[in-house]
Amino acid sequence: MQRLLFPPFRALKGRQCLQLLAPRAALRAQCDCIRRPLRPGQYSTISEVALQSGRGTVSLPSKAAERVVGRWLLVCSGTVAGAVILGGVTRLTESGLSMVDWHLIKEMKPPTSQEEWEAEFQRYQQFPEFKILNHDMTLTEFKFIWYMEYSHRMWGRLVGLAYILPAAYFWRKGWLSRGMKGHVLALCGLVCFQGLLGWYMVKSGLEEKPDSHDIPRVSQYRLAAHLGSALVLYCASLWTSLSLLLPPHKLPETRALLWLRRFAHGTAGLVFLTALSGAFVAGLDAGLVYNSFPKMGESWIPEDLFTFSPILRNVFENPTTVQFDHRILGITSVTAVTVLYFLSRRIPLPRRTKMAAVTLLALAYTQVGLGISTLLMYVPTPLAATHQSGSLALLTGALWLMNELRRVPK
């Protein structure tokens, strides 16, 4: 990191009279520290440029700045991945409705005294989840689910700081190109939107529904929107980071490579759609409907697949149809990854690209194994959380391979 942050000073070290920005006439001066007078507007050293401009720091060379920004975005994508995983665990432990209000600053301080905890517990008791599902919950049990949701919210704030504060610093230092400034603004805006969308999702589970006797849960539509925006933020950050850190391959633009690139894009989109469909499975508890594989119960196509009217409602609101769709998408995704792997073997590719293809194939079959195991074992929390994390890992592998095959601009 020191090499990246201070490359100009390494050039100055041990070279007392090095003049980096001197005009040709001044370059004739020997290292006897005798300087010829320069015309106004000319500078003989980086230090003089910095002093003349009133700034005590020196901008990084473009390549070094790109590496710093790329590593920052890689860290940011890691924090988003952590938020997705923690959010999945929060959903699996049914902790998401334990905090019944939202304050950006006030809620950062958790209850500390017995009186504060009892007041927080009394607020929770006024909402449907306690009245219908957790009416016999103790204060100790409430503390567990409250801290789960609290951890998820605090991690979300950490994600926001990880994006916004370094972005402001890099912008001020001039380390962001014009195009990168637009990308960074979009990412920071998406982070803020993600936080607001999270509370909008939670509110749907706190509303009273007199005509419904179902278990209180958040809207599967809002849950899918919350997860989808997080995945978009993760993909955009990771793609930009990989583009800055990994040198592109100059591959011959053959017809076979063109088809491979297009197929890789389609496969990545399919993996994204499969992960997004998992939000509907989680939101409707559809993983508990048919716990058998490969058949659903005693048949390949269950009888209650289209019980809702109109038919389109079944895709998003019928737990049976939601699980069926997720199965089909998962099988299609692993099939597409397998075909993509064998297509990549028919083309001479760099070693790093071949490694990305092999990694993607291994992640796909691991994810299928985790999904089937989660289903057959009636969705245990540790295994289900691992399966949800595996979808993020599979999406990462698909993005990596896409990045390896990207076209190099001429």
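Residues Y290 and E298 bring no donor and acceptor atom of their side chains to less than 3.5 Å of each other. With 3.5 Å as the limit, one finds a donor-acceptor pair spanning the side chains of Y234 and T396. A donor-acceptor pair shorter than 3.5 Å can be found between the side chains of H326 and S277. Using modelled atom types, one finds a donor on one side chain and an acceptor on the other under 3.5 Å when comparing R352 with H249. Side chains of T93 and S95: a donor-acceptor N/O pair is present below 3.5 angstrom, by distance only.
The existence of a salt bridge linking E94 and R217 is excluded, since no basic side-chain nitrogen approaches an acidic carboxylate oxygen closer than 4.0 Å. For the pair K131 and E208, the salt-bridge criterion is met [side-chain N within less than 4.0 Å of a carboxylate O]. A salt bridge between K203 and D101 is absent, with no side-chain N of the basic residue lying under 4.0 Å from a carboxylate O of the acidic one. Salt bridge absent: R123 and E118 never bring a charged side-chain N and a carboxylate O closer than 4.0 Å. Between K143 and E120 no salt bridge is recorded (no basic side-chain N to carboxylate O distance below 4.0 Å).
The backbone N or O of G287 lies less than 3.5 Å from a partner atom in the side chain of N291, making a donor-acceptor pair. Side-chain atoms of E66 never come within 3.5 Å of backbone atoms of L245 as a donor-acceptor pair (strictly under, hydrogens ignored).
Residue A225 comes nearest to L197 through the heavy atom pair O-CD2, 3.4 Å, listed as atom of the first residue, atom of the second, then distance.
Aromatic rings of W102 and Y150 (six-membered ring for Trp) have centroids beyond the 6.0 Å cut-off, not under it.
A heavy-atom distance below 4.5 Å is found between the side chains of S237 and L187.
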What verdict does the ring-ring contact (aromatic ring centres under 6.0 Å, His included) test give for F293 and W300, after you've listed the backbone C-alpha separation in whole Å, the side-chain angles of each residue and the deciding distance to 0.1 Å? CA-CA 9 Å; F293 190 86; W300 292 99; 8.6 Å; no

Before giving the answer on side chain to side chain contact (heavy atoms under 4.5 Å, CB included), spell out for L349 and L405 the whole-Å C-alpha distance, their side-chain angles and the decisive distance to 0.1 Å. CA-CA 9 Å; L349 295 172; L405 296 173; 4.3 Å; yes

